[in-house]
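Heads up: the structure comes next, in structure tokens.
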Amino acid sequence: MTRRQAMAQFLEFLAASPLLRADRKHSELGDPLLEPANVFDFAKLAKAKLDPLAWDYLDEGSEDEAALRDNRRAFEKIILRPHFLRHDVSKIDISTTLFGKKLAHPFFFCPTGGKNCFFQNGEAETAWGAGAADTMMITSGGINEVLSSGKGPKVWWQFTTAAEFRGKNQMVNFVEKLQDQGATGISVTVDIYHVSHRERSIHNGLARSWCNAGGIPRTPAGALDYKPNDVVWTGGDLPVARPFPTPTWDTLQRLRETARDLPVIVKGVLTAEDTESARKYGLSGVIVSNHGARQLDQVGGTIEALPECVQAAGGAIPVLVDGGFRRGTDIFKALALGASAVGIGRPYLYGLASFGRRGVARVVDLLRAELAADMGMAGVANIAQIDRSFVRIRT
């Protein structure tokens, strides 16, 4: 059988398979939730529904937005190299294991701030969606009711910057509370100790507190409804000195020791050197991230930084990555380059803004289906079969 014949036979299987159906009966298409075909369609819906200031806050990057563009453009430099007939692809399994926990798929929800500008009670609504879609979530907090219901995410990590720890007792209390709540990890974001320069929101006169409260306030005439104490995002201001020192690797090492069996993962790593430091100081893993291109600009795309971080980890700790992921092929490329899992932020926010928790879960459905089909078409039946041979870098 030639490669062309094998590919034709596989495509015929996909068309007939009830496991990977890409079609539905017309009578099943009455729900507007099912109209978007991909993440980009959800982005269009979100933009149409949101206040323009809320959309810019969701969509923007910092300064020139070079890293924001690089996060997407960098995927175009990575070419897939499918390998046929190596594996039986009659059944596709996209599940994986991370820190001993079974995940239904190799992508998770990154922490995102200001969700109330996109949907009321946005953090809890996202947690409901994560639970419905069986998706791991890194939360900023405020989802206790969801967790207590038993319908929240089964695997969840707590976000922190580690800047709130002034002593051993605070760390101990923090860890014990998370353990009591059933947390399965601690994610320490290390790239947000200063406020970035986001010019869309500066031009728009956004008060960041709006997105942690009731959303964008408008008068009946449509003008922004400022309160006297609203602090507006502005340019030209020097960074305000922080009242306490920012964390160091020593801080994270103490947190890791305090956490014992609870994994502590460093989020915001972009270099081999910082990955090596994470190993040296006993951290459980790293997330290669540029904060959705919303902090330091001109750092390139995260998928470009991934290979050196994977090499520096040397298999000793898992390397995760986020930034710009919109397609199943994007996720496949990261897995081929050595990532253990992929984080998404804006995609689930598009779903949240469009349909609340149902939109959050639907975005997962779309990415899950894309990844499964892409794996089958690339010649792999499970995550473990994906390796570096499945990609090449365009020169």
Side-chain angles (χ1 to χ4, degrees), residues 60-78 107-113 138 157 159-163 185-198 239 246-253 256 263-326 330-331 333-346 388 391 393:
E60 70 186 338
S62 62
E63 296 189 1
D64 296 321
E65 299 189 342
L68 185 67
R69 293 187 294 274
D70 286 341
N71 271 353
R72 285 299 306 149
R73 289 178 180 173
F75 286 108
E76 298 177 6
K77 301 177 184 177
I78 304 170
F107 57 93
F108 60 93
F109 290 171
C110 291
T112 55
I138 304 177
W157 299 352
F159 156 88
T160 181
T161 64
I186 300 171
S187 175
V188 185
T189 297
V190 296
D191 57 4
I192 54 171
Y193 299 125
H194 289 282
V195 177
S196 61
H197 198 260
R198 302 181 199 170
T246 56
T248 65
W249 287 109
D250 288 331
T251 311
L252 269 61
Q253 184 179 46
R256 178 69 191 90
V264 177
I265 300 91
V266 187
K267 183 177 185 296
V269 168
L270 288 169
T271 63
E273 293 88 341
D274 282 351
T275 305
E276 290 167 356
S277 291
R279 287 183 59 182
K280 174 183 175 182
Y281 285 89
L283 279 303
S284 310
V286 300
I287 303 178
V288 178
S289 174
N290 59 19
H291 209 88
R294 295 164 74 83
Q295 286 297 108
L296 181 64
D297 198 14
Q298 306 291 341
V299 293
T302 52
I303 197 73
E304 296 175 288
L306 177 62
E308 69 172 87
C309 296
V310 169
Q311 183 175 6
I317 56 174
V319 177
L320 291 66
V321 63
D322 66 33
F325 290 85
R326 302 291 185 271
D330 299 337
I331 298 170
K333 290 173 182 180
L335 297 174
L337 289 172
S340 297
V342 166
I344 61 171
R346 289 184 180 91
R388 183 64 174 77
V391 292
I393 308 301

If I compare all heavy atoms of [X] with all of [Y], which pair ends up nearest, and what's the gap?
X: I78; Y: K333; answer: O-NZ, 2.9 Å
X: L306; Y: A339; answer: CD2-CB, 4.0 Å
X: A67; Y: G300; answer: CB-O, 4.1 Å
X: R279; Y: A316; answer: NE-CB, 3.6 Å
X: T275; Y: A313; answer: CG2-N, 3.8 Å
X: F325; Y: D330; answer: CE2-O, 3.4 Å

Rounded distance [0.5 Å steps], [atom1] in [X] versus [atom2] in [Y]:
X: N290; Y: Q298; atom1: CG; atom2: CD; result: 11.5 Å
X: D70; Y: E65; atom1: CG; atom2: CD; result: 11.5 Å
X: I303; Y: R72; atom1: CD1; atom2: CZ; result: 10.5 Å
X: R73; Y: L68; atom1: CZ; atom2: CG; result: 10.0 Å
X: L270; Y: L296; atom1: CG; atom2: CG; result: 8.5 Å

Got a donor-acceptor contact below 3.5 angstrom from the [X] side chain to the [Y] backbone?
X: R198; Y: R294; result: yes
X: R346; Y: G324; result: no
X: T160; Y: V188; result: no
X: E308; Y: E273; result: no
X: Y193; Y: T161; result: yes
X: E63; Y: D297; result: no

Side-chain heavy-atom pair [X], [Y] within 4.5 angstrom cut-off:
X: L335; Y: F107; result: no
X: L283; Y: I317; result: no
X: T189; Y: D191; result: yes

(request) Apply side chain to side chain contact (heavy atoms under 4.5 Å, CB included) to D274 and W249, showing your working. (result) CA-CA 10 Å; D274 282 351; W249 287 109; 4.2 Å; yes
(message) Closer than 4.0 angstrom, basic N to acidic O: yes or no for D64 and R69?
(response) no
(request) Under the side-chain hydrogen bond (donor to acceptor under 3.5 Å, both in side chains) rule, collect the residues that match up with K267, sequence neighbours excluded. (result)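 Checked K267 against side-chain hydrogen bond (donor to acceptor under 3.5 Å, both in side chains); matches are S289, D322.
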(request) Report the C-alpha separation of V269 and I287 in whole Å, then their side-chain angles, then the decisive distance to 0.1 Å, and conclude whether the side chain to side chain contact (heavy atoms under 4.5 Å, CB included) test is met. (result) CA-CA 6 Å; V269 168; I287 303 178; over 6 Å; no
(request) Assess whether side chain to side chain contact (heavy atoms under 4.5 Å, CB included) is satisfied between V264 and Y281, documenting all intermediate values. (result) CA-CA 11 Å; V264 177; Y281 285 89; over 6 Å; no
(message) Between L337 and V391, is the side chain to side chain contact (heavy atoms under 4.5 Å, CB included) condition met? List the steps.
(response) CA-CA 8 Å; L337 289 172; V391 292; 3.8 Å; yes
(request) Could you check whether the rings of F108 and W157 sit parallel, tilted or perpendicular, using 30° and 60° as the cut-offs? (result)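 Correct class here is tilted.
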